[in-house]
Each structure stands twice: as structure tokens, then as C-alpha cells.
Protein chains: 2
Amino acid sequence: MPTIKDVALRAGVSRSTVSRVMNNQPYVDEEKRKAVKQAMKELGYLPNSSAQRLRGTETRTIAVLVSRIVNPFFSAIVDAMDEVAAEQSYRLILCNTRGSANQELHFLQLLRTKQVDGLILASLVNDWETIAPYTDYGPIVICNEYPRQSDGVPVVTIDQSKAMYEATVHLLKKGYKQIAYCNPITKTESDAVISPLAQDRYLGFCQAMEEAGMHMYGECLFLGHSLEDGRNIFKQMVCLANRPDAILTGSDEVAAGIIAEAKAAGWKIPDDLAIVGFDNQPHATLIEPELTTIHQPVQEMGRAAMERMLALLRKESPPPLATYLEAPLLARKST
Amino acid sequence: MPTIKDVALRAGVSRSTVSRVMNNQPYVDEEKRKAVKQAMKELGYLPNSSAQRLRGTETRTIAVLVSRIVNPFFSAIVDAMDEVAAEQSYRLILCNTRGSANQELHFLQLLRTKQVDGLILASLVNDWETIAPYTDYGPIVICNEYPRQSDGVPVVTIDQSKAMYEATVHLLKKGYKQIAYCNPITKTESDAVISPLAQDRYLGFCQAMEEAGMHMYGECLFLGHSLEDGRNIFKQMVCLANRPDAILTGSDEVAAGIIAEAKAAGWKIPDDLAIVGFDNQPHATLIEPELTTIHQPVQEMGRAAMERMLALLRKESPPPLATYLEAPLLARKST
DNA sequence: CTGTTAGCGCGTTCAG
DNA sequence: CTGAACGCGCTAACAG
């Protein structure tokens, strides 16, 4: 594996000259510049980025942390980020934390050790106090999941309360009486703390219920975020004394799981049970009945987050601190 | 950001002693060991991995290259790899090449510059001659997509020809006459070369057709790999002079797109058109009718690939060169 | 058992 | 315009 030294030797110049050529610096003799480029090509030379990093130069690489890459919402948001990054010849590396606070911290090291220029948190499991120190090591942008306070760090998300409020109102207007609720929990190893995002959604739900003079039964509260979780939720629901006639979920995956089991059990959707998803994932319109869901603007969220990141890296005027994108309810056949 | 020097100073020892403590080496006075650990904790010290890398030590990080992370097949395979890696406290970084040969090469640099200990190719767009030199820089494992020859590099995949052969036979047995075929092409920037994987699948298809004395019409050949591609394929199909009565696709996403459009156009599946998917993605049984598809053992593929990688890193006896896992056809309602 | 020394590959002064 | 020299943070070899 050739180093800068080999290139210098072959081109008959010093290492500094090679370095200057690499970084397109002026004041290099045209002849030598050509000789160096020639030597680089012949040797298949590529600079060692660990060394460059150690020296403190940019990597044009950005890390994105997600908790569960198999979730279509996350892969879509990452895809949007990737698109913007590629346009400006940045690369992305994707870190799947599996909802582990430890993994999250491990990946934050990428920033600390200058292996990436910046880091985007699309999920968040550690306390903000734990994350905050890392802001000294490079720009951080928060997208989707967020902490209660995030001193100075840009946040891109949707108004979770409002979204869930509207979904609840939608069900109430349709006349559903016994509404169940599923919290979108990512099981953490140790503590299963409810994130601000989940809290806010629940708040929206409660507010709508209260305004309608309805109240909730504890047994109608569920947890889950995957297809499998959805299946299990239906099985639990069947056993309840007074069965819900509608359910609000935190993701289209959970909703799809419930629908699948319900249909298998011979239930009619939405007559026997109405279901609301969240995200508007690609499969929301492929299942039957088509899923009523809240459309998360993943494309825009991903793009906006990455654009803020690139702006930070260019040290432009600081981007807006918090951005709340619109997340409209899409009423379809499942309610 | 504290360095090893700061820790040494604070603990009243030399940098080498700190290094020895970090790497759990013997021959360090217990007192000093404690002092060092104390100092590390107080300073919140973490080693700079760029420096470690430059020095040539392991990173316990493995890169995985995929062409399209939004494809559930890829996110599932990555998830399985991640699981195995986590068990042995390795971390994974995910590289989305978007089918770009350039991006692929960029990411291969991670290996060259020792930023990762090993690299798994779950997709492959460059020629093997281009990739081969990188095998000098660290272990590479190939999973799913493969080159024609891969001198010494372990490959984990399925028997593509056999899988598609069986799917074709299934359709023929059911009595379908006019069978269309969709090649799973990842559009490359420049050249849209057909990969060995796609070639082999097509071979299986052709063989089955030949044995049955059937033959293909060029107009019944399509390309695509996404939901959107599937939708477009249906629109093209509608315009054909003699319409196919069945279609074999290269992924469940394409199949789902075709089904969606077909249903929207009032076609009955499988009566007006039979559809076979590929992968057995989570949503294959959620759509209506349930999709006949080839089950790719993503879990096993991902695990096997990662296990081979870890074996290589431990420099154990060389793993088997090529592994072909079973990919059975699951006959369901769409045929 | 421990500190000193010498690079890993690169970018950046600072003298020419 | 160019090369010599230094140091980024870390580890390994070598003397104590």
C-alpha cells in the first residue's frame, strides 16, 4: 500500500510537494505537478484517511444513527439524507444502534475521533446530558427523535402532539367509542423510559380524548414498534373484557401486524376494528384495507436535516434551531 | 478533548503505562493501574481511534456495503449481520452505494486505511479486477451478489439458477403459457451491465422454459427492482399485443408494485395475471393475494457471512469458500 | 515492572 | 517555488 513517500520518491520530489498537489495548492511547478499526478496514478495511490484525520482535516463523511434500520421509516429518511449528501460529494455511514445506549455512545466516538465531520441523530436513547459533551467535537443535528432541551443543536421533526391529536379527533368524529392506544417504544436494554417523542404523541391523544369528554382505560394501552409487536397486540386485545373498536398505533408496521391478525381471525376492518397507522410507509396503500395513517414527510425531514448539517460544516449562518414539518392525516379505508 | 498524555500526567505515569492499562496488558502495578483508570474516568478519556488505526491496531468495526438500503432485503440482511457482530462486540457501519461504482470504491478505502477491520460486500458493481487489490488490505467477504470468480474470497449466497428454475416450473405446471420475466437490475450510473446473479437467475428461467418446449418473446422482458418499477412494468404490460398471463420478478417489491396497479386496473390476481416475487419480504403475506415467492434465507445469509468474517479476523482455519443456502419456493395465492 | 524512543502517514510551518 | 523538520495520538521495542 503506497504512501505519500512512495509517490514522492517516484516523482522525484519531496513529500510536501506531493501534499500540495493533492490539496490543489498553488505555487507548484506545472511540470512537477504533472509528474506527481502521474506517479499517483501509476501507484494507485490514495491518501490514508486515518492519517489525514489525525492531522485534523475533513473527511467528507457524515455518520447517521438510527435505532432500527429494518424500520422502513428509518431507511427512507437515511435514503433522503444520502441523496443530499451525495449531491455535495459527502458520504454517509450508517450506524444501527439497536436502541442500545452503549452502542449510541460508541458511535458518537466517530465524531470525537474525527472519523466523520458531523453526526446526525435520527434516534436518541441516551440522556441529553450524556450527549451534550460531544457537541464540542463536531456538529450534531437531531432529526425525528429529540430530547427535551438541546442547547443550540438544530432539530428537525414534526409536531408529534398535533399529529396524534388530529388522528384521535378523526376517530372520535367517526364515532368510535372505545379507543386503544399503542405507544411506539423501542425497547432499551435496561430502562424502558418513554421518549419525549412518545410522550408528546400521547399528550395529543389525551388532549383530544379529554376535549371529547372521553376517557381511557389502562388495559387499552399497548407498547410496540414492529410487525410482530402488532400481531401480539391483536392477540392481547382479543382477550379484553370490553374490546376496543379502534386503535391508534405509532407506526404502520404495528398497524399492519394488527390488520394481518385481525383478518386471520375473521374480523372486518374497519367495521370490527378501526386502525390508524403512523409514517405513511410505502406499504400503507398496498395492504387491504388501505391504511389510514399520518404522513411523515420523511423525504423533507431527511433532506432538511442533512442540509442543516452541511450548512454547519460550511460554517454558514447558523441554521434555524428547530423545524417542525407538516404531518397531515391521510384518511383511507381502515377507519 | 483529553489525550493519552493528559491521562499520564494526571496519573503521574508515562504514556506507555496508560497504553498498557488501556489494552489490559499484564506487568502493571495494581496501584498504578487503578490510578490510571481513575484518571481516565475523571477526564472522560477515550482513545483516539484514528491514531490507533494509524498505528495499525484493530477497530472492532466492520463495513457492510449495500446498493439500496431502502430495499427490505438489504436492511434485513444487514440486521442479521449486526446481530452476530454485536454478540462478539464488533460494530457495523453501513455503506449505501446507490449502485455507484465510485461510491463502492470510496467505501473500500475504509479497509485500505484501516478504519475498519473487514468489509462485507452485499452488493457488487465494480469488476472483480477492480476489487481484487483491496483483498491485500484486509479480509473481504461476499454475500448475496457475487462476481464470476473471486479468488480466495468467501462467498455466501443462494443457487440463483435453481431458485428461478423452480419458480418457472411452478408456473408451467399451473398451466401458464405466456410467461413474462423481470430482471432485477440496479441501474448503474454508466453501464447497465447484467450481474452474474441476474444472469444466473435468467439462466434458470430459460432452462425451465426450454425443457417445457416454451419460448420467450423479447417484449415480455422487463427490468426493475423497486415498487415504482413494478407499477411501470404493469403499465407497459397492458399495452402489449399478446398479454402475458404470468410474470416472474426479481423482488417482492416489484411484484407488489405490479399487483397494486393490476388491482387498480380491475384485474383479478391470479386469474388475469399470476405473479411470482423473490425474497419473501415481511410484507409478502400482508398484501392480497398473498404473494407466491422464493424465500431467501436472509437471516442465515447475514449470519453466515458475518461468522465467516469473524473467523477470518481470528485467523482461524479458512472458512469454506462458497456456501449456497437453500431458497425454497413458497406457493401462495398470487399464482 | 516502567519510562524513553521511534515511528505509523500526513499537512504545515519555516527557511531557503 | 521547494524541501526539511515537527507533531497529530498512539503503540511497540528497548533499555533500564
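Here the structure is a predicted model, which means the values were calculated and not measured. Numbered from 1 within each chain, the chains take letters A, B, ... in sequence-line order.
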Check your understanding: Step by step, would you call Trp128(B) with Arg148(B) a side-chain contact (heavy atoms from CB on, under 4.5 Å)?
Key -> CA-CA 8 Å; Trp128(B) 184 246; Arg148(B) 274 288 163 239; over 6 Å; no
Study note, to complete from the structure: Of Val13(B) and Pro2(A), the one whose nearest nucleotide on DNA chain C sits closer to the 5' end is Val13(B)
Review point. Counting just side-chain N and O atoms, does Thr17(B) come under 4.0 Å of either OP1 or OP2 of dG3(C)?
Key: yes
Review point. With a non-hydrogen cut-off below 4.0 angstrom, is Thr3(A) in contact with a base, only sugar-phosphate, or nothing?
Key: sugar-phosphate
Exercise for review: For Tyr134(B), enumerate each residue passing the ring-ring contact (aromatic ring centres under 6.0 Å, His included) test, keeping only those at least two apart in sequence or located in another chain.
Suggested key: Tyr137(B)
Check your understanding: Counting only side-chain N and O atoms of Gln25(A), is one of them less than 4.0 Å from OP1 or OP2 of dG11(C)?
Key -> no
Practice item. With sequence neighbours excluded, give me every ring-ring contact (aromatic ring centres under 6.0 Å, His included) pair touching residues 40-85 of chain B. Key: none
**Study point:** Test side chain to side chain contact (heavy atoms under 4.5 Å, CB included) applied to Ser16(B) - qualifying residues, sequence neighbours left out
**Key:** Ser14(B), Arg20(B)
Exercise for review: Give one of base, sugar-phosphate or nothing for Pro47(A), where a contact means two heavy atoms less than 4.0 Å apart.
Suggested key: sugar-phosphate
Practice item. State which residues pass side chain to side chain donor-acceptor pair (under 3.5 Å) with Thr323(B); sequence neighbours excluded, sorted by chain then number. Key: Arg308(B)
Revision key, fill the gap. Atom CG of Leu54(A) and atom C1' of dT11(D) are separated, to the nearest Å, by 13 Å
Review point. Asn48(B) CG to dG7(D) P: how many Å, rounded?
Key: 18 Å
Point to revise | Member of Ile120(A), Val78(A), Val141(A) meeting the side-chain contact (heavy atoms from CB on, under 4.5 Å) criterion with Met306(A) | key: Ile120(A)
Review point. Could you give the CZ-to-C1' distance, from Arg53(B) to dG9(D), as a whole number of Å?
Key: 13 Å
Review point. Under 4.0 Å between a side-chain N or O of Asn23(B) and OP1 or OP2 of dT11(D)?
Key: yes
Study note, to complete from the structure: Expected list for residues 28-46 of chain B near DNA chain C, using heavy atoms below 4.0 Å, is Val28(B), Asp29(B), Lys32(B)
Point to revise | Terminal axes of the helix from dC1(C)-dG16(D) to dG16(C)-dC1(D) (five pairs each): angle between them, nearest 10 degrees | key: 50°
Table of protein N/O atoms under 3.5 Å from nucleotides 14-16 of chain D N/O atoms:
none

**Study point:** side chain to side chain contact (heavy atoms under 4.5 Å, CB included) partners of Ser50(B), counting only residues at least two apart
**Key:** Arg53(A), Gln115(A), Asn48(B)
**Study point:** Chi angles and distances behind the side-chain hydrogen bond (donor to acceptor under 3.5 Å, both in side chains) call for Thr59(A), Asp117(A)
**Key:** CA-CA 6 Å; Thr59(A) 67; Asp117(A) 294 342; 2.8 Å; yes
Exercise for review: Tell me, please, which residues at least two apart from Ala198(B) pass side chain to side chain contact (heavy atoms under 4.5 Å, CB included).
Suggested key: Asn183(B), Pro184(B), Ile194(B), Ser195(B)
Which atoms of nucleotides 5-7 of chain C (N or O only) lie under 3.5 Å from a protein N or O atom, and what are those distances?
residue, atom, partner, partner atom, Å
dA6(C), N6, Arg15(B), NH2, 3.4
dG7(C), N2, Arg55(B), NE, 2.4

Under 3.5 Å, which donor-acceptor pairs do the side chains of residues 80-90 of chain A form with other protein atoms, sequence neighbours left out?
residue, atom, partner, partner atom, Å
Asp82(A), OD2, Arg98(B), NE, 3.1
Glu83(A), OE1, Arg303(A), NH1, 3.0
Glu87(A), OE2, Arg303(A), NH2, 3.2
Gln88(A), OE1, Arg314(A), NH1, 3.1

Exercise for review: Would you mind reporting whether Leu124(B) and Glu104(B) have side-chain heavy atoms less than 4.5 Å apart?
Suggested key: yes
Point to revise | Protein-nucleotide distance (Gln115(A), atom CD; dC8(D), atom C1'), rounded to Å | key: 14 Å
Point to revise | Distance in angstrom units between Arg112(A) CZ and dC10(D) P, rounded | key: 8 Å
Practice item. Would you tell me if any nitrogen or oxygen in the side chain of Gln52(B) comes within less than 4.0 Å of OP1 or OP2 on dG9(D)? Key: no
Check your understanding: How many angstroms lie between atom CG of Leu9(B) and atom CD1 of Ile4(B), to the nearest 0.5 angstrom?
Key -> 12.0 Å
Point to revise | Qualifying residues under side chain to side chain contact (heavy atoms under 4.5 Å, CB included), relative to Lys34(B), sequence neighbours excluded | key: none
Review point. Would His106(B) and Arg60(A) satisfy side-chain contact (heavy atoms from CB on, under 4.5 Å), going step by step from the backbone distance to the final call?
Key: CA-CA 11 Å; His106(B) 269 301; Arg60(A) 296 199 84 79; over 6 Å; no
Revision key, fill the gap. To the nearest angstrom, the OH-P distance between Tyr27(B) and dA13(D) comes to 15 Å
